[in-house]
Amino acid sequence: MAKTILVVEDEQDIANIICFNLKRNGFETLEAYDGPTGLRLALEAAPDLILLDVMLPGMDGFEICRRVRAQSQVPIIMLTAREEESDKIMGLELGADDYVTKPFSNRELIARIQANMRRVSATTPVAAHPSAGTGLEISEEDSAVYKDGKPIDLSVREFDILSYLAAEPGRVVSREELMEKVWGFEYYGDLRAVDVAIRRLREKIEDEPAQPKFIITKRGMGYYFAKN
Ligand code: CA
């Protein structure tokens with residue numbers, strides 16, 4: 001199925017060129033020419049990736065990014081002006097996955113889009129290869145987790161933490177990284193929120209939460225998903 005990309009860009013000429021090129025490369029497109037419409041489509045139309053301009057009427061790209069991140073992990077690529085170095089950092093701090101600087105070539109844009117789509121689908125093999133023998137199965141497709149074949153009721157955030165850690169078993173992930181990837185900017189600063197969420201997650205998926213088999217603490221460094 002074709003992936004849908006939401007293009008939020010108030011300069012219609014630029015938006016049209018981008019969409020034309022995206023379609024030529026096999027993507028479906030949605031267009032928004034102002035901030036509020038962009039935010040609405042981002043949240044309601046469930047695009048597979050968002051290209052987000054910074055300066056927009058109604059609501060700027062940073063605010064859209066922040067609000068989308070509070071609800072969704074859809075890949076966001078900011079479209080920034082070359083001279084605005086601070087814009088790039090700001091976008092990433094707000095949870096954008098990447099940025100491209102204007103003016104950009106079609107080839108560059110497509111390459112960035114594909115790289116960011118890959119990053120998202122890189123978590124999918126977890127679904128194809130559940131933690132065999134451990135009884136835990138993570139299905140990215142329907143955002144569900146099964147323990148010994150029975151569905152486990154996780155919050156979106158708990159699911160995101162689990163699937164983020166399980167995507168790379170054995171890799172220690174810092175609390176800061178989890179905060180950034182799963183929470184986004186809004187809660188930045190209170191790392192105890194990560195520990196609380198991990199504790200709740202363990203209570204749901206571990207046989208003995210005090211002696212976890214799946215999500216292991218690496219003292220002073222963070223957490224990792226156990227290798228089989
Ligand atoms: Ca603009």
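Every number for a ligand or one of its atoms is a count from 1 in the order of the listing.
More than 12 heavy-atom neighbours from other residues, nucleotides or ligands sit within 6.0 angstrom of CE on Met59.
For the pairing with Leu162, the side chain to side chain contact (heavy atoms under 4.5 Å, CB included) check across Ile198, Ile152, Ile215 returns one residue only, Ile215.
Within the 3.0 Å limit, Asp53 places at least one N, O or S atom next to the Ca ion (ligand 1). In summary, no N, O or S atom of Glu11 is located under 3.0 Å from the Ca ion (ligand 1).
Following chains of ILVMFWY side-chain contacts shorter than 4.5 Å, one can reach Leu43 starting from Ile76, so the two form part of one hydrophobic cluster.
Closest N/O/S atom of Asp10 to the Ca ion (ligand 1): OD1.
Contact check for Asp53 versus Lys102: side-chain heavy atoms found under the 4.5 Å cut-off.
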